Every structure is written in C-alpha cells, then in structure tokens.
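Okay, so here's the structure we're looking at.
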2 protein chains.
Amino acid sequence: MSTKRDQIITTTCQLMETQGYHATGLNQILAESGAPKGSLYHYFPDGKDGLVEEAIAHTRQTIEARLREGMAAYENPAQAIPNFLRSLAHHVQASGFESGGPITAVALEAASTNERLNAACRAAYQAWQKVIEQKLLDSGYETVRARRLGTLVIAIIEGATILSRSERNVGPLLDAALELEALL
Amino acid sequence: MSTKRDQIITTTCQLMETQGYHATGLNQILAESGAPKGSLYHYFPDGKDGLVEEAIAHTRQTIEARLREGMAAYENPAQAIPNFLRSLAHHVQASGFESGGPITAVALEAASTNERLNAACRAAYQAWQKVIEQKLLDSGYETVRARRLGTLVIAIIEGATILSRSERNVGPLLDAALELEALL
DNA sequence: GTCTATAATACGATAGAC
DNA sequence: GTCTATCGTATTATAGAC
C-alpha cells in the first residue's frame, strides 16, 4: 500500500466531488497529487474507471464512518440526523462551496452511461441509507418506515447540498435540518 | 426562430439531463439533432456555453410550467406535491431511468467552475422553489415556513431522483411522496 | 519496477468554400 | 447566409527508456 497510491486516490476523491467525472482529467489528478503519468497505470491498470471506482469506494467508507459517528452522538435520531445536516452545512461553507455531495456528480454522469461506476455509487448510497435506517430501528421505528426514512434522509442530504452549492448559501441544508426535526 | 435552432436546443436539453455538460460533446448534439457543425456557431456564436445556457433556460420554463400545472391540479398542497412526485416517478421509469433531474448534473459540474452556467441553474432552482412556495402561501401556510418547504420540496425532488436513477428503481421518489404527505 | 515521451483519438472552435 | 474541412489543444492510454 504505497503512500503515493493513496495520494492519487485522495486527490481523485476531491476532484470528483467538486468537478465530477468527465470534467476531471487524469493530467489534473496527477498534477495535484504530484505523481508522474506512468505510475498511474502501474497502480491502476484499469485506467480512469478503475481509479474512480476505488475513489468512490473510499468516499463511501469515509462518509459511512462520519454518518455512524453522527448517529452515535445523540441517542435520539430526531436530534442526531438534523445535527448531522448542520455539521454538513459547516463543512460545505468552510470549503467555499467547493465540497459537498462527494459522489453526486459522478452518480448522475454514470447513471445512464457507465454501469461500473453506477454500481459503485449505488452501493455507496445503499450503505449510507442503511446507517440511517439502523439508527431509526434502534430507536423503535417500525421496519418499513425506518427504511423509507433512511432513503428520504439521504435524498434530502443530496438535494439540499446541490441547492446550497448552487446558491452559495447553506440555507437549504439548514432549512432541511429544521423540517427533519418536525418530521422525525 | 428557426426550427433547426429549436431542435438543437431540445437535443441539448435531453443530453444534459442524461449525461451532463462535459460528457456531452458538440458533435453528439449535432449528430442527434441532424444539424451540421457550422450552423451551431451561426445560431450560438458564444459556443457551447451559450448553447447550454439557453438549454437550461428552456428546461427551467418547461419544468416551471409542469410544476404550476401539478400545483393547480389539487387545491390541497398536501395532495398536489406528493402527486407531482408520483407523476415524476412515472416519467423517470418510462424513460428507462435516463431522464430525471434535468439540470442536476450540469448544476454540480458548474457549481465551482463555471459561474455563467451556475447562475442559469440557480435561477431555475429559485423559480421552481417559488412555485411551491406560492402554492403553500395560497393555502395559508406561514411566510417563513412556506419558503422553507419550497426549498425542501425541490431538494427532495432532486435527491430522490438521483437515488432513483442510480438504483434504477422509483422507490425513493415514491417513498419521498409518502413522507411528504406526513409532513405537509 | 518507475517514469518519460509519445501515440491515437475526441474535443471545441474557426477559417474559408459555396 | 449555410455549411464543410481543418486547426490547435485537450483527452486517455501505451510503448519503451532507465
């Protein structure tokens, strides 16, 4: 597990988040990670798709851990979930609205044109939904509704992040947090 | 107002919806709209960005009209809004999950890198939010909450559409419709 | 094994023929 | 005015020097 390999993946994660798949060239990834071009195909023989697939998997685990942390911070999901959205709003604002929705752009670009990357994104979304769902189940929510709310919460996070980045204003994320308090 | 010009815009709208900005080349737009390359720069002297800007504006108006129609279909927003999401689910499924979220991909790609297109997307989102907000105001919702819910509804539509397309399953959109009934 | 130089291709944009 | 052929520059991927 080379450090340079990790650096390439980390850089890829960042660029996927801010620009998406097609807008990000391998040259840019290499320039920002400080790696030469040949080493990319040494570490990632499948080329761009293999690299991005790993980057998505990496992001999936990072966010999954952050979600678990956020859910564990409060016993009541009606506190834990809205506060997670608020911490997310902080993160988006601190990045100058360049971060947020770490795989959303890729998910949409790949949805109809690249089944390999689409599968990676789908796996990430389902994992994240499951964290929310489990928190709700542990707090006594009924099975069907817990799953439904798990899906909805991830959808709201995605959608509100898009609006916040587009408007350069964390209002949508904070609004969503408030309404989730009413719903949960 | 040439018919061929409109055809180029219509094709661009479709491709932006399914693939996004960077994945869509001018060659593909021309091939699918049946126009030769030279005419593109005749009709759109600003090049790709000018064309896509117009396409976003066109989409904005299409969706705005569809939203108004949906809101007018029921007096109670607690019926109108969830049913709009259900009709959207139909639309997404009928397209084989290739349509849905007509400007989402572009919005994310442009958010941090192309202020011109970002502005066009922001304008569209705000227009759509306003339609929901107005419907809620007309039904007696308080000013602040109407605006907050307008934002949330658009966010939910965006997020649930992403999940539905990624999972190739309209479940997320239908789940969101159900929970919105509980919230409104 | 690690990297540089280069190939093959697609891109957006333009010049110039009709 | 309408379009075809081409330009310069990106892209991804690879071949081959160290």
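Given the structure is predicted, the values throughout are model-derived calculations rather than measurements. We name chains A, B, ... by the order of the sequence lines, and we start the count at 1 in each one.
Neither OP1 nor OP2 of D:dA10 sits under 4.0 Å from any side-chain N or O of A:Asn27. A sub-4.0 Å separation between OP1 or OP2 of D:dT12 and a side-chain N or O of A:Lys48 is present. Side-chain nitrogen and oxygen atoms of A:Tyr41 include at least one within less than 4.0 Å of the OP1 or OP2 phosphate oxygen of D:dA13. Contact annotation: B:His42 reaches the phosphate of D:dT2 (side-chain N/O to OP1 or OP2, under 4.0 Å).
Under the 4.0 Å criterion applied to side-chain N and carboxylate O atoms, B:Arg168 and B:Glu98 are not assigned as salt-bridge partners. Ion pairing of A:Arg165 with A:Glu17 is absent here, as no side-chain N (NZ or NE/NH1/NH2) approaches a carboxylate O to less than 4.0 Å. Salt bridge annotation for A:Arg145-B:Glu179: present, with a cationic side-chain nitrogen under 4.0 angstrom from a carboxylate oxygen.
Of the residues near DNA chain D, A:Asp49 and B:Gly38, the one whose nearest nucleotide (by heavy atom distance) lies more toward the 5' end is B:Gly38.
Note: CG (A:Leu40) to P (D:dA13) measures 9 Å, nearest angstrom. In this entry the distance linking CG of A:Leu26 with C1' of D:dA13 reads 9 Å, nearest Å. In this structure, A:Lys37 atom NZ and C:dT6 atom P are separated by 13 Å, rounded to whole Å. Look at CG on A:Leu30: it is 14 Å from C1' on C:dA5, rounded to the nearest Å. Put simply, NZ on B:Lys4 is 13 Å from C1' on D:dG1, counting in whole angstrom units. Taking atom CG on A:Asp46 and atom C1' on D:dT14, their separation rounds to 15 Å, with Å as the unit. As a whole-Å value, the separation of B:His22 NE2 from D:dT12 C1' is 16 Å. Note: OH (A:Tyr43) to C1' (C:dG1) measures 9 Å, nearest angstrom.
Residues A:Ala146 and A:Leu136 come closest through the heavy atom pair O-CD1, 3.8 Å.
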